[in-house]
Amino acid sequence: VAPLVGLLYTVLVVWFLGLLAVGGGYAGFRHHDQQQRARAASLVTRAETLSRLGEHHGLIEAHALLTRARALSPLDPRRAELALVIASQRALEEGDVPAGVVLATIAATTEARPSQLHIDVARAVATWSRGDRAGTLEAVTKLTPRVQSNGMLAYLVGRIAQRMGAPDS
C-alpha cells in the first residue's frame with residue numbers, strides 16, 4: 001500500500017506542475033499577444049495620421065507601416081480598413097495603383113473583416129481605375145448617401161466623382 005501512496009503523490013505532483021506550466025505558458029502568450037496588438041495599434045495610428053496628410057511619400061510610408069502592423073495583428077479590422085483607404089487614395093491621387101492592386105488589397109484584407117462600406121468604396125475606386133464610367137457613376141450614386149458619416153470615405157467618393165468629371169462633384 002505504501003508504494004502505491006508514493007506513486008499517487010508523484011503522479012499528483014507531476015499533474016500539478018504540468019497544470020502550472022500550461023497556465024504560465026498561456027498567461028505568457030496572452031501578455032505577448034497584448035503587446036503585439038498594442039504595437040500594431042500604434043503603427044496603425046501613425047499610418048492614419050500620414051494618410052490624412054495625403055502626400056505621396058506619406059502614403060507610401062503609411063502602407064509600409066500597415067504591412068508591419070499586419071504582421072503583428074493580422075485580424076485587426078481597423079488596419080484592414082485603413083489599408084483599403086490608402087490603396088484607394090494612392091489610386092485616386094497619384095494613379096500609381098492600378099485596379100488590380102486595389103482589388104488585391106480587398107482580397108488581402110477580407111480575413112480581418114473590414115466594414116462592407118470600406119470594401120464598397122475600394123471597389124468603386126477599382127471600377128474607376130479600370131475606366132468603367134457607367135459602373136463608377138452607379139457606385140458613386142449608391143455610395144454617396146452611405147458615406148456621409150465617415151469623412152475619409154466621403155472624401156474618397158467625392159474624389160472619384162471629381163476625377164470622373166461628374167457635374168455635381
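Among all heavy-atom pairs drawn from A91 and V102, the shortest one is CB-CG2, 4.1 Å. Contact record, A41 with R78: O-NH1, 3.9 Å, taken as the closest heavy-atom pair. Across E48 and L82, no two heavy atoms sit closer than the pair N-CD2, 3.4 Å.
Linking ILVMFWY side-chain heavy atoms closer than 4.5 Å, directly or via other members, places L72 and V44 in two distinct hydrophobic clusters. Hydrophobic clustering keeps L75 apart from V85 (ILVMFWY residues linked when any side-chain heavy atoms are closer than 4.5 Å, directly or through intermediates). There is a path of hydrophobic side-chain contacts, each under 4.5 Å, that joins L153 to V125. No continuous path of ILVMFWY side-chain contacts below 4.5 Å connects L50 to Y155, so the two sit in separate hydrophobic clusters. A single hydrophobic cluster is seen to contain both W128 and V121, as judged by linkage of ILVMFWY side chains at heavy-atom distances under 4.5 Å, directly or through other members.
Under the side-chain contact (heavy atoms from CB on, under 4.5 Å) criterion, T144 pairs with V140, Q148, V157, sequence neighbours left out. Under the side-chain contact (heavy atoms from CB on, under 4.5 Å) criterion, E138 pairs with K142, not counting sequence neighbours. The side-chain contact (heavy atoms from CB on, under 4.5 Å) test applied to E55 returns no partner, not counting sequence neighbours. In this structure, the side-chain contact (heavy atoms from CB on, under 4.5 Å) partners of A124, at least two apart in sequence or on a different chain, are A139, L143, I160.
Rounding to the nearest 0.5 angstrom, the gap separating the CG atom in L65 from the CD1 atom in I86 is 8.0 Å.
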Could you walk me through whether R70 and D76 satisfy the salt bridge (Lys or Arg N to Asp or Glu O under 4.0 Å) test, starting with their C-alpha distance in whole Å, then the side-chain angles of each, then the deciding distance to 0.1 Å, before giving a yes or no?
CA-CA 8 Å; R70 182 178 185 194; D76 179 8; over 6 Å; no

Stepwise side-chain contact (heavy atoms from CB on, under 4.5 Å) check, R52 with T49:
CA-CA 5 Å; R52 289 188 187 281; T49 300; over 6 Å; no

Pair L66, L43 - check side-chain contact (heavy atoms from CB on, under 4.5 Å), show working.
CA-CA 7 Å; L66 290 179; L43 293 171; over 6 Å; no

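Residue R146 places its CZ atom among more than 12 non-hydrogen atoms of other residues, nucleotides or ligands, all under 6.0 Å distant.
In this structure, the side chains of I60 and R90 come closer than 4.5 Å at one or more pairs of heavy atoms.
Checking Q35 against H31 by side-chain atom types alone, a donor-acceptor pair falls below 3.5 Å. At a cut-off of 3.5 Å, with distance as the only test, a side-chain donor of S51 or Q89 sits close to an acceptor on the other residue. With 3.5 Å as the limit, one finds a donor-acceptor pair spanning the side chains of Q162 and R159.
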Would you give me the side-chain donor-acceptor pairs under 3.5 Å for residues 3-30, sequence neighbours excluded?
unit_1: T10; atom_1: OG1; unit_2: G6; atom_2: O; d: 2.8

Run the side-chain donor-acceptor check on residues 107-115: report pairs under 3.5 Å with partners two or more places apart or on a different chain.
unit_1: T109; atom_1: OG1; unit_2: T105; atom_2: O; d: 3.0
unit_1: T109; atom_1: OG1; unit_2: I106; atom_2: O; d: 3.0
unit_1: T110; atom_1: OG1; unit_2: A107; atom_2: O; d: 3.0
unit_1: S115; atom_1: OG; unit_2: H118; atom_2: N; d: 3.1
unit_1: S115; atom_1: OG; unit_2: H118; atom_2: ND1; d: 2.5

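Under the 3.5 Å distance criterion, the side-chain polar atoms of R79 are matched with a main-chain donor or acceptor of P74. One N or O on the side chain of T67 and one on the backbone of H63 form a donor-acceptor pair closer than 3.5 Å.
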